[in-house]
Visitor: 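What follows is a single structure, and I will ask about it in a moment.
The structure presented is a predicted model; accordingly, all values stated were derived computationally and were not measured. When a ligand or atom number is given, it counts from 1 through the structure's own listing order. Excluded from the calculations below are hydrogen atoms, water molecules and symmetry mates; all remaining heavy atoms, backbone and side chain alike, are included.
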Amino acid sequence: MKPYDLKEIVSSDKNHLWHHLTQHKPLQSTDPMVIVEGKGMRVKDINGREYLDAVSGGVWTVNVGYGRESIANAVRDQLVKMCYFANSAGNIPSIQFAERLIEKMPGLSRVYYSNSGSEANEKGFKLVRQLAAMKNDGKKHKVIYRDRDYHGTTITTLSACGQSQRKDQYGPYTPGFVEIPHCLAYRAANGDDPDYGVQAAKELERVILEEDPDTVGSVCLEPITAGGGVIVPPEGYFETIQEICRKYGVLLHMDEVVCGMGRTGKWFGYQHYGVKPDIVTMAKGVASGYAAISVTVTTEDLFNEFLAEPSDKLSYFRDISTFGGCAGGPAAALENMRIIEEENLLDNVNQRGAYLMDRLHELKDKHPLVGDVRGKGLFVGADLVKDRNTREPVDESVAAAVVADCLRQGVMIGRTNRSFAEYNNTLCLSPALICTNDDIDEIVSAIDIALGNLSQ
Ligand SMILES: Cc1ncc(COP(=O)(O)O)c(C=O)c1O
């Protein structure tokens with residue numbers, strides 16, 4: 001990389017970059033953040049200021065932490081040897097990573113590569129559409145998704161998006177996507193009922209029957225909803241979802257783009273709930289952001305549906321993702337997985353996750369603004385409310401002020417952002433899987449101070 005002049009680079013950012021999820025007007029009078037270095041849990045900005053990153057690169061991605069030379073070396077070595085070939089041919093790391101991945105996913109056996117979470121989910125939707133076309137004259141083509149879930153940024157993944165504000169102004173959407181209610185006990189009228197999980201799951205059956213079971217191909221769900229407010233499914237929820245899927249011949253598609261690769265303390269979020277999905281998608285933590293890679297994994301049964309005589313010109317999965325053939329992605333993913341195993345990071349997630357949850361409960365005891373804390377492993381959220389009794393959410397400016405105050409203190413935390421008009425009120429924490437109790441203390445202390453400053 002060429003040496004750069006600090007002022008020039010910032011002005012070049014202002015003149016040429018169009019940042020994600022950013023209103024640029026305020027940047028006319030302030031400078032954008034430019035991140036230049038990262039090591040372990042910490043990143044440094046262009047002015048030399050260091051931050052503790054409690055959100056793994058902003059969006060649950062850098063699971064094994066920054067500055068991993070062994071991943072960089074694995075990618076470099078692979079790129080020098082063989083950087084790319086379209087994935088109609090195999091390459092060594094993609095084959096080896098597929099095998100290692102499948103060892104962690106009993107019941108699943110086929111691995112399809114692409115390069116973003118949105119794209120991995122689109123593959124899942126395309127499989128459903130094509131299967132319907134091949135077997136049912138296109139009838140069993142609908143995809144059910146859930147309120148508050150997010151599956152990507154393309155028009156079709158937004159068609160499967162349960163976050164109203166994210167969808168605003170980008171329609172019209174792809175037909176054949178149908179919503180079911182969320183399963184957030186804290187915000188459900190019957191959320192205190194011990195049977196709430198089963199009742200919430202039965203909404204799936206209600207909608208399948210309303211739509212006609214012969215038209216419903218799959219249901220796509222996040223195991224634990226991420227950007228929709230860190231929603232851990234209530235007891236009995238996924239078991240009931242699985243039963244309903246089997247009853248009506250509906251494929252279960254689990255979106256593990258955030259939960260996958262250890263974030264929740266198991267390799268995959270769905271593995272907490274004993275379900276057997278037909279399709280699993282993953283992206284962010286697969287290579288911890290060291291290379292762009294996403295994966296759609298399926299059962300052998302689903303794969304077999306696409307086997308046909310070559311004279312049948314249409315009945316194979318006629319899909320390609322150019323960058324699904326990049327060999328650097330699976331090379332990074334192999335090394336990323338080796339690190340998680342060698343450093344026992346799943347154990348660390350479970351232990352540090354329990355500590356983080358305890359510390360957040362202390363915050364809840366201290367600050368009436370914290371209405372609910374929830375999560376699994378190193379994936380937690382704090383729902384901020386105006387009033388504990390009514391559970392009325394705070395305005396998003398309050399959550400934004402807490403995030404900004406933490407940043408001023410040198411700690412990066414996240415929040416539900418431009419997802420809903422009324423529920424942009426959840427603080428989100430997802431530190432790297434390597435974090436220590438000291439890191440957690442620093443994160444919680446920053447939030448404690450920020451919440452205290454609000455009430456002054
Ligand atoms: C659950 C979930 N699925 C899919 C996606 C989309 O992934 P990408 O941004 O890589 O397309 C995201 C992104 O945040 C996500 O949180």
Visitor: Salt-bridge test for Arg338 and Glu341: reply yes if a basic N is under 4.0 Å from a carboxylate O, no otherwise.
Guide: no
Visitor: Identify, with sequence neighbours excluded, every residue that meets ring-ring contact (aromatic ring centres under 6.0 Å, His included) alongside Tyr273.
Guide: Phe238
Visitor: So that I can tick it off, tell me whether Arg187 and Asp383 are bridged by a salt bridge, with the cut-off set at under 4.0 angstrom between side-chain N and carboxylate O.
Guide: yes
Visitor: Taking only Lys NZ, Arg NE, NH1 and NH2, and the carboxylate oxygens of Asp or Glu, determine whether Arg263 and Glu256 approach each other closer than 4.0 Å.
Guide: no
Visitor: Could you work out, with side chain to side chain contact (heavy atoms under 4.5 Å, CB included) as the rule, every residue matching Lys39, not counting sequence neighbours?
Guide: none
Visitor: Please list, chain by chain and in numerical order, all residues satisfying ring-ring contact (aromatic ring centres under 6.0 Å, His included) with Tyr196, sequence neighbours excluded.
Guide: none
Visitor: Got the residues with a heavy atom under 4.0 Å of ligand 1, by chain and number?
Guide: Ser116, Gly117, Ser118, Asn121, Tyr150, His151, Gly152, Glu222, Asp255, Val257, Val258, Lys284
